[in-house]
Amino acid sequence: MITTPLTRWFDLTTPVVGAPMAGVAGGALARAVSQGGGLGMIGVSGRHGAGFVTEQCALAAEGELPFGVGLMIWTLADRPELFDATVAARPSLVSMSFGDPAPYVGPLHDAGIAVAAQVNTAADARRAIDAGVDVLVAQGTEAGGHTGQRALLPLLQEVLPLTDRPVIAAGGIATGRAMAGALVAGAAGIWVGTALLACAEGLNGAAARQRILAASGDETVLTRAFDVAEGIAWPERWPGRALVNDFSRAWHGREDELVDDAAARQLVVDGRRSGDPAHAPLYAGEAVGLVTTERSATDVVRELTADAEEALRSVPRLLA
Ligand SMILES: Cc1cc2nc3c(=O)[nH]c(=O)nc-3n(C[C@H](O)[C@H](O)[C@H](O)COP(=O)(O)O)c2cc1C
């Protein structure tokens with residue numbers, strides 16, 4: 001058992017958070033992570049409705065263990081009902097990412113819900129601390145899905161001295177040794193997305209899970225091309241890390257041209273509908289090459305923990 005301020009706060013047996021991943025992390029995945037002793041989270045995007053939030057939270061709550069919900073701040077101006085449904089579901093933790101968390105901290109605290117904020121720069125971290133969030137998540141650019149430009153380790157080292165609140169490390173962590181490394185570096189826990197992408201409890205279909213298992217770590221691209229194609233108004237500072245495919249090879253870096261090419265954009269929209277891997281985005285981080293077997297999320301969390309314990313036990317041997 002590994003204890004940190006995070007495990008004590010949420011009554012966990014391991015400081016592993018299952019990242020909120022819109023389109024992949026629903027209530028079943030969150031519940032399976034929590035059953036492994038960590039904290040499972042549900043990912044919500046602007047494509048979802050309030051009903052999705054309510055249903056998935058009910059599924060996660062069946063585990064009778066703590067779980068969380070991750071919201072994308074920039075989507076909430078048009079979709080306030082997503083925030084309201086989240087508060088009504090009473091998760092233990094709500095993560096407010098990709099924007100200024102300040103307006104949401106008070107209402108969440110009033111409802112007795114702890115607040116995390118994913119940050120991509122030291123300036124983001126200062127803003128989140130000023131807003132009164134309880135937990136910071138330093139998200140490195142190695143991460144799958146939408147992310148910033150800073151690598152995890154330098155970002156984590158800059159964020160840690162800014163606060164005495166728990167800081168969780170996100171991005172590129174998919175082994176127990178890396179988990180141990182993040183904890184030794186000062187993180188209170190790890191926030192894991194890509195390592196869970198091939199779990200059957202997630203919302204990825206069998207074909208997507210097979211692509212994840214087959215992909216190597218040098219086959220990802222940080223790009224806005226898919227968002228431009230799908231007409232999703234992601235702020236430009238957060239591109240998305242996805243597996244390279246025919247579409248990203250053709251259009252990454254040519255987003256300005258893509259805006260005016262309706263036929264090319266339609267390829268992605270159609271690809272999403274038909275599940276065409278050459279054109280649909282499949283978001284995944286640089287750790288994807290480490291995901292080689294399909295396991296339950298509960299087993300992923302347990303194995304990370306056991307391997308991290310072993311790695312931590314070996315640390316004193318380094319001191320000659
Ligand atoms: C498929 C996918 C979807 C994601 N969706 C969200 C999301 O909805 N909200 C969010 O805050 N982060 C999202 N993320 C980012 C994760 O919260 C997390 O930062 C990331 O997965 C950690 O890095 P890793 O993928 O290397 O483990 C997503 C990541 C992936 C891979």
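By convention here, the first residue in the shown sequence is residue 1. Every number for a ligand or one of its atoms is a count from 1 in the order of the listing. In this text the structure is predicted, and so the values were computed from the model without any measurement.
- Aromatic rings of Y283 and H146 (six-membered ring for Trp) have centroids within the 6.0 Å cut-off, being under it.
- Looking from atom 13 (C) of ligand 1 to the surrounding protein, the closest heavy atom is P20 O, 3.0 Å.
- For atom 4 (C) of ligand 1, the candidate residues are H146, M21, M41; the nearest heavy-atom contact is made by M21.
- Of the charged side-chain nitrogens involved, none lies within less than 4.0 Å of a carboxylate oxygen, so that D227 and R224 do not count as a salt-bridged pair.
- In this comparison of M96, Q118, H48, the heavy atom closest to atom 11 (O) of ligand 1 sits on Q118.
- Interface atoms of ligand 1 facing V192, defined by a heavy-atom separation under 4.0 Å, are 27 (O).
- Per-residue contacts place M72 under 4.0 angstrom from the following atoms of ligand 1 (heavy atoms of the residue considered): 7 (C), 8 (O).
- Listed for the S248 side chain is no donor-acceptor partner under 3.5 Å among the backbone atoms of T223.
- Using a 4.0 Å cut-off between a side-chain N of Lys or Arg and a carboxylate O of Asp or Glu, R254 and E257 qualify as a salt bridge.
- Ring centroid separation for the pair W238 and F98 comes in under the 6.0 Å cut-off.
- Put simply, part of G171 is less than 4.0 Å from ligand 1, judged by heavy atoms.
- On a distance-only criterion, Y283 and ligand 1 share no N/O pair closer than 3.5 Å.
- The parts of W191 lying near ligand 1 are both backbone and side chain, judged by heavy-atom distances below 4.0 Å.
- At a 3.5 angstrom cut-off on N or O pairs, A287 does not count as close to ligand 1.
- Annotation for ligand 1: atoms under 4.0 Å from non-hydrogen atoms of A22 are 3 (C), 4 (C), 5 (N), 6 (C), 7 (C), 8 (O).
- A salt bridge links E303 with R295: the closest approach of a Lys/Arg side-chain nitrogen to an acidic carboxylate oxygen falls below 4.0 angstrom.
- The number of heavy-atom neighbours closer than 6.0 Å to CZ of R165, taken from other residues, nucleotides and ligands shown, is above 12.
- In this structure, R249 pairs ionically with D246, as a charged nitrogen and a carboxylate oxygen lie closer than 4.0 Å.
- Contacts of E286 with ligand 1, taken as heavy-atom pairs under 4.0 Å, are absent altogether.
- A salt bridge does not link R265 to E230: none of the charged nitrogens lies less than 4.0 Å from a carboxylate oxygen.
- The distance criterion of under 3.5 Å between nitrogen or oxygen atoms is met by G193 with respect to ligand 1.
- Ligand 1 lies less than 4.0 angstrom from a heavy atom belonging to G172.
- Ranked by closest heavy atom to atom 23 (O) of ligand 1, the top entry among G285, G43, G240, A143 is A143.
- The shortest heavy-atom contact between V94 and I113 is CG2-CG2, 3.7 Å.
- Relative to atom 15 (C) of ligand 1, the option among A138, G145, G144 with the closest non-hydrogen atom is G144.
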